[in-house]
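Here is the structure we will look at, set down as structure tokens.
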Amino acid sequence: MKNETMTFESAMEKLDGTVRRLESGSLPLSEALAAYEEAIGLVRFCNGQLEDAEQKVRILTEGEGGTVTDAPFAAPDET
């Protein structure tokens, strides 16, 4: 998606609605194909957002000497 103002959360919400419409089975073929194309764009947008977030986390957790420590993320209540 090329919408610069779309957030990850709004894209996920839109994707959920699109998937529900597709799963209903009530869309004519042309509308179903358009909805599928939209869903693919939303998935790509969300994947890009997740990859960007992962990269930022890696940069923030990079240790001395450039080594990256991969450790499972612990939620605040799990520490």
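In what follows, residues are counted from 1 in the order of the sequence shown. Here the structure is a predicted model, which means the values were calculated and not measured.
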* Structure fact -> Output for pair (Q49 CD, M12 CE), nearest 0.5 Å, gives 12.0 Å
* To do: Please answer: with hydrophobic residues joined when any side-chain heavy atoms are less than 4.5 Å apart, are L22 and L15 in the same cluster?
  => no
* Asked: Looking only at heavy atoms, what is the nearest atom pair of A35 and T18, with distance?
  -> O-CG2, 3.3 Å
* To do: Any pair with a residue in residues 15-36 that passes salt bridge (charged side-chain N to carboxylate O under 4.0 Å, His left out), sequence neighbours left out, goes on the list, sorted by first then second residue, please.
  => D16-R20
Distance-only donor-acceptor pairs under 3.5 Å for side chains of residues 50-57, two or more places apart:
none

* S26: side-chain hydrogen bond (donor to acceptor under 3.5 Å, both in side chains) partners, not counting sequence neighbours -> S24
* **For A11, all residues meeting side-chain contact (heavy atoms from CB on, under 4.5 Å), sequence neighbours excluded** => M6, L42, F45, C46
* Given a cutoff of under 4.5 Å between side-chain heavy atoms of I, L, V, M, F, W and Y, with clusters grown through shared members, what are the other residues clustered with L33? -> L29
